[in-house]
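Let me begin by presenting the structure, written as structure tokens, before commenting on it.
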Amino acid sequence: MSALAARTGAINLGQGFPDEDGPATVIEVAARSLTSGCNQYPPGIGIPELRLAIAAHQQRHYGITLEPDTQVVVTAGATEAIAAAMLALVNPGDEVVVLEPYYDSYTATIAMAGGVRRPVTLRAPNFRVDAGELRAAVTPRTRVMLINSPHNPTGTVLTRAELEVIAELAIEHDLVVVTDEVYEHLTFDSVPHIPLTTLPGMAERTVTISSQGKSFSFTGWKVGWVTGPADLVATVLAAKQWLTYTNAAPLQPAVAYGLEHEQEYPHRLAASLQRKRDLLCDGLTELGFEVFRPQGTYFAMTDVRGFGYEDAMAYCLALPERAGVVAIPAQVFYDDQEAGRHLVRWAFCKQESVLTEALDRLRGAS
Ligand code: PMP
């Protein structure tokens, strides 16, 4: 869809990347690192300064205590962390219970590991976890649960009650839970993000993944991390070693700097994204869409059936020509095609003028 946006000159509300960079101070540290000889392989596990900063971040925000030398690994974005976790923890034939709609890399990396995915579907209009469906998805072959909160693309932020069901099942069936929390700071309306690992009995079985890409608006830097108990983190590191071995030498000191010295940035970003969410969601509502207002992330979902489209794929393929806007048909994130067929995902991590222009174009075309 990004290629379609480029070809047609459409406004790209498809792919989730911000059109403004993160803190200039962080870029300055990266630039200084480049010119001061920080260009050779860093340690595979990540530079000590960044691992310390990640551990301090987890302590400061959530009261999670981590030993930076054994419980933190730096990765090439959350994407590598997800791949390394799946390859490390899933053996051929193992089942992975995973929330759908999915961030695309989940299905690919479960397949690369030879695993079998068991989707639990988040359905419109509320996109909540159904405890019964979750329970039913766990079988004697389940090895791992893969959770994402705040959730892309629905914007659902799992509640403590939902996390408790996940924790209860994980403990009962002795499962490892991999939790993708890349949007941890991007929640709205004071909805709290609760890391799964903070629930009783979960610290020893939870692999937590995050990334500076979303929190600091440097999605192109691809610096992420894995935290968790030393034994699980060591197995993920063993897989990471054969994926990239090591990554982003000059960026790691900059990310460490950001985590330590730009602590307000993610909060300001969340406040600004909340305004953008409202701008886009109010505008789409006025245009007649049924809008599902997200609690977090970069994305809002809408139902397009009111526009005479049963299939959002057809709607999205026609949209660049018709209105000069690109959005994503959410069915591509679902195994359960019926659950996603009528849904469109719109990214609002764009400048307000861009969102206003996109709404004007949609108004003109409707
Ligand atoms: N997980 C989710 C849920 C995401 O939305 C994304 C980015 N779109 C990622 C992981 C990837 O993060 P990174 O860019 O750090 O690899």
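We count ligands from 1, going down the list as the structure has it; atoms in each ligand are counted the same way. As a basis for the values below, the full set of heavy atoms in this structure was taken, side chains included, without hydrogen atoms, waters or symmetry mates. Predicted model only: the values in this text are computed from it and were never measured.
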Exercise. Nearest to atom 8 (N) of ligand 1, what protein heavy atom do you find, and at what distance?
Worked result: Lys214 NZ, 2.9 Å
Exercise. Should the proximity of Asn148 to ligand 1, defined as any heavy atom under 4.0 Å, be assigned to the side chain, the backbone, both, or neither?
Worked result: side chain
Problem set entry | Tyr183, any N or O under 3.5 Å of ligand 1 N or O | yes
Exercise. Is the Phe289 to Phe307 ring centre distance short of 6.0 Å?
Worked result: yes
For this session: Could you check whether the rings of Trp221 and Phe218 sit parallel, tilted or perpendicular, using 30° and 60° as the cut-offs?
Result: parallel
For this session: Could you name the option among Thr75, Val182, Asn152, Thr79 that has the heavy atom nearest to atom 16 (O) of ligand 1?
Result: Thr79
For this session: If the plane angle is over 60° it's perpendicular, under 30° parallel, otherwise tilted; pick one for His185 and His267.
Result: perpendicular
Seminar exercise, completed: Looking only at protein heavy atoms, what sits closest to atom 12 (O) of ligand 1 is Ala78 CB, 3.5 Å
Exercise. Centres of the Tyr334 and Tyr102 rings: under 6.0 Å?
Worked result: no
Problem set entry | Protein heavy atom at shortest distance from atom 14 (O) of ligand 1 | Lys222 NZ, 3.1 Å
For this session: Mark yes or no for whether Gln71, through its side chain, and Glu67, through its backbone, hold a donor-acceptor pair below 3.5 Å.
Result: yes
Exercise. Are Asp311 and Gln331 close enough, and set up right, to give a side chain to side chain contact (heavy atoms under 4.5 Å, CB included), and what steps lead you there?
Worked result: CA-CA 9 Å; Asp311 188 343; Gln331 60 195 251; 2.8 Å; yes
For this session: Take Lys276 and Glu352, measure what salt bridge (charged side-chain N to carboxylate O under 4.0 Å, His left out) needs, and give me the verdict at the end.
Result: CA-CA 6 Å; Lys276 292 173 180 190; Glu352 294 189 15; 5.9 Å; no
Problem set entry | atom 2 (C) of ligand 1 - nearest protein heavy atom and its distance | Asp180 OD2, 3.4 Å
Problem set entry | Close approach, Gly213 and ligand 1, non-hydrogen under 4.0 angstrom | no
Exercise. Heavy atoms only: which of Trp225, Phe17, Tyr103, Trp221 is nearest to atom 10 (C) of ligand 1?
Worked result: Tyr103
Exercise. For atom 15 (O) of ligand 1, which protein heavy atom lies nearest, and how many Å away is it?
Worked result: Ser211 OG, 2.6 Å
